[in-house]
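Numbers restart at 1 for each chain; the letters A, B, ... are given by sequence-line order, proteins then strands.
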Amino acid sequence: MAVLRKSISPELTLLRTPFFPWRSPRQALRQGEHEVWLGIGGNLGDPLRRFGHLWHFLKRQKDLRLLESSPILVNPPFGYLEQPDFHNAVLRIATSLPPRRLLRRLQEIEWRFGRVRSFKDAPRTLDIDILFYEDRQVQRPELTIPHPRWAERPSVTIPLARMQTLPPLAHRRMQTIRNHKKAPGPQAPEKRSQSMIEETFEAPTPKEAFALARSKYPHVSDLQLLRARQTVGRDGKLVAEITVAVPEDDYLASLGLSEEEELIREMHELQDQMERMKAAAGIRDKSSETVEKVVGLLSSKGLRRDWLMQRVEPMLGTAVAEDEKLLLSYLLEEVDEGLRVVPEDLSRPRVMMMVGPTGVGKTTTIAKLAARYSYLLDRDYRVALINLDSWRAGAYEQLDNFARILHLEHRRVERIEEFAEQLDALADYDVILVDTAGISPFDTDRLIRTVEFLKSVRDREISTSLVISATAKYEDIREIYEHFNFINVENAIVTKFDETQRVGDLIAFLTERHLPVSYLSTGQKVPDDLIPAEKERILDAFTGELHA
Amino acid sequence: MLETQALRLNRSRLRHLREGEYCLCLEPLSLKSKHLERLLPGAWIDLGGQLPELQIRRDGRKVARVHPASEGWYVGECVEEEPDLAERKRVLLEGRIAVLPAERVMPGERIELPPSVFEQVLLCRGEEPVALAALARCSEGYGLQVRERCDG
């Protein structure tokens, strides 16, 4: 991903990526929608990548519509200082959620992105704050809007100052900054006569608060104290709050906003307007050729055109749709986001049932899993096998010889009521793997039989994996999935992953249905050629295919 | 196919037997040192008219006898024996057949193995694999036919 870095002070750096800053071509608010500004931050792992993922994630949400993102500011931590630098940005979204529901929704997203709330100012993977909710003011124990400290945090003010649309409640201050930047140099008023900005500082005592102001503006000799008051903070402690008047020039310098950047923003705004006008007039331009080329390439590799176009649509009229590499990386990122994998978890006893069509490699997969759990992991798990396949000649014997050589318990179940009995008898085992008859999508009798087996043990926790072949076509996989899905398929095990160089059909299906993958089978060797699913492995196969 | 894979895995486990693991073996064969070099693919080791005793061994010691029955084998009384010692100018070869889970090593426990397992007996000198051989009937009774060398 291309990242432009610009140092705006010894401690602060601004980053520009393909998605930060970004502006949606669809700016109009729909009925019932409200405009909200969110502050995002994080300093653990790879914040740039996480911000990218968040951007893609928000682009797919119906209740949170992304309108604009600011550049990213890299800035030192405050409070607890023994931690990496923070990355911060501001997002403008449209949502119909009221403030408190929005807060809960954002907390869900934080949780999804791995944030664990620990102590104040602790390192974090992703923090999302509501800065402004239109021009509303909310005062509740759990939520204060506008964010009480937005104006004193460079992590908010610097990215916010670079956005095209500002919150109404911050407008006066931020607009003053912009107007000032547009004033011609030689005719600009003297520093003494220029307007002043009010800035508030908080500290345990007024003296410390004033010291903070002094340290931020060491060159301002006569920092004017306008107000001072003491309040009780949310933690019940007294907080001293002072407001000082700061000359605009010094305030602007503290934001690091340059005239050049203001010009770039205006150019982008003009470009956006032109793109929208062109799109409205139906003029084909470079971006539509790029879109056609990239979408054509990916659809020729198995991804579905309508799925691709749904993702490309919000990009139309932006720089992303004009650059082939950017658009391709954006779409691959979408694929990455859509793919899900399930980690291997044997921390508690499990019953795992394999279902799938004939000839897909269910029994071999069971053998691989059995051998893997028995011999390949941190400890030797006790594994038992149950065979429900009474249709295929030799189905039981094939697995039985395998089980005998490896000394695995293997039971055959022919009658529905025996299934529960055998599960009870094998209750001491760590893992019970259940093999079922291969069922073609047209064989309803066998499917009903499998459903009856499952119904007979509905009080137990059984995870069902659909075994599918990587060589199957999209329509076939979809048909198989729809056939089996009413027995609550939890995840997919992909077999024959080594036998094809075309995994686009598989990826298209997995991303569209959000079906997580648990294992990949990559060859004949038992158990070596069965690996827990990794996104990278699936994506590598696909990107390798793109280069071919 | 699955049986072939199970045999391959069994072979691999026999080669890398872990400390304390139980293994179904032929009673150790005593060979003259000089005969070790002649164990090339196709060569026979004559075992005489009777099938050699099957034993469960652990860390080079016999821990139980295994008795043949009409269907499969049964674990006999467990014993604690001293390690076998080779005579002068001779070596002992342990014929490993299959790794057994500890819970199967109990008197009276049945051991079920398909015949194919006996087609790959791993001959080891101490912990060092020497050759892979098939247990088979021959004109004089039973013998081990070497399939491949495993050392070096």
Side-chain angles (χ1 to χ4, degrees), chain A residues 354 359-385 387 389 392 394-412 426 428-431 433 435 495-496 499 521-530, chain B residues 1-25 54-58 63-64 66 68-69 71-75 95-106 108-122 132 134-135:
Chain A
M354 309 293 142
V360 79
K362 276 191 308 300
T363 307
T364 309
T365 301
I366 284 188
K368 285 176 178 170
L369 283 172
R372 176 178 173 81
Y373 297 156
S374 303
Y375 307 119
L376 217 63
L377 300 182
D378 53 335
R379 72 174 178 88
D380 296 347
Y381 291 89
R382 291 190 73 210
V383 179
L385 311 173
N387 199 309
D389 185 0
R392 188 162 58 96
Y396 176 78
E397 289 71 19
Q398 190 194 11
L399 198 56
D400 195 51
N401 269 354
F402 177 87
R404 281 198 291 161
I405 294 170
L406 298 180
H407 307 285
L408 302 170
E409 193 63 45
H410 184 209
R411 307 279 174 95
R412 187 207 302 253
L426 298 169
D428 290 344
Y429 283 77
D430 298 313
V431 183
L433 297 165
D435 194 11
T495 59
K496 307 184 187 191
E499 291 180 24
S521 172
T522 58
Q524 300 297 316
K525 281 188 192 164
V526 176
D528 316 61
D529 290 341
L530 183 84
Chain B
M1 197 289 272
L2 275 187
E3 190 171 341
T4 313
Q5 290 295 325
L7 290 170
R8 190 186 62 75
L9 184 58
N10 185 47
R11 214 159 55 223
S12 162
R13 296 191 68 211
L14 291 176
R15 269 172 181 253
H16 306 105
L17 207 57
R18 285 180 265 181
E19 202 181 319
E21 266 187 324
Y22 293 97
C23 187
L24 180 70
C25 300
L54 284 176
Q55 305 178 342
I56 295 174
R57 300 175 69 81
R58 184 175 62 173
V63 293
V66 175
E71 276 188 29
W73 290 266
Y74 286 89
V75 179
R96 296 177 183 174
I97 297 166
V99 185
L100 295 179
E103 64 266 21
R104 294 281 170 97
V105 186
M106 309 248 295
E109 190 73 25
R110 190 173 160 195
I111 295 175
E112 281 184 88
L113 285 166
S116 54
V117 170
F118 293 90
E119 289 171 17
Q120 48 172 35
V121 178
L122 188 71
L132 195 68
L135 180 67

S.K.: On a heavy-atom basis, which atom in R8(B) and which in P527(A) lie closest, and how many Å separate them?
M.R.: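 Shortest heavy-atom contact: NH2-N, 4.3 Å.
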S.K.: Checking S374(A) against chain B: side chain, backbone, both or neither under 4.5 Å from a heavy atom?
M.R.: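 Neither part; nothing is under 4.5 Å.
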S.K.: Look up atom CD in E409(A) and atom CD in E103(B), then write down how far apart they are to the nearest 0.5 Å.
M.R.: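 If we round to the nearest 0.5 Å, E409(A):CD and E103(B):CD are 9.5 Å apart.
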S.K.: Between chain A and each of V99(B), T4(B), I111(B), N10(B), count heavy-atom pairs under 4.5 Å; write down the option with the most.
M.R.: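 Most pairs with chain A among the choices: V99(B).
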S.K.: Less than 4.5 Å to any heavy atom of chain B: does that hold for the side chain of K368(A), its backbone, both, or neither?
M.R.: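 Neither part.
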S.K.: Distance check, rounded to the nearest 0.5 Å: Q524(A) atom CD versus M1(B) atom CE?
M.R.: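 Taking CD in Q524(A) and CE in M1(B), the distance rounds to 4.5 Å.
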S.K.: E3(B) pairs by side chain to side chain contact (heavy atoms under 4.5 Å, CB included) with which of L399(A), D400(A), N401(A)?
M.R.: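 The single option meeting the side chain to side chain contact (heavy atoms under 4.5 Å, CB included) with E3(B) is N401(A).
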S.K.: Please report the closest heavy-atom contact between A6(B) and L406(A), naming both atoms and the distance.
M.R.: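 Shortest heavy-atom separation between A6(B) and L406(A) comes out as O-CD2, 4.0 Å.
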S.K.: Taking all heavy atoms of L2(B) and all of F402(A), pick out the closest pair and write down the distance.
M.R.: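 For L2(B) and F402(A), the tightest heavy-atom pair comes out as O-CD1, 3.4 Å.
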S.K.: By a 4.5 Å heavy-atom criterion (distance strictly below it), what part of I405(A) contacts chain B: side chain, backbone, both, or neither?
M.R.: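 Both parts, heavy atoms under 4.5 Å.
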S.K.: Hey, what do you get for CG (L113(B)) to NE2 (H407(A)), rounding to the nearest 0.5 Å?
M.R.: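 L113(B) atom CG to H407(A) atom NE2 measures 5.0 Å (nearest 0.5 Å).
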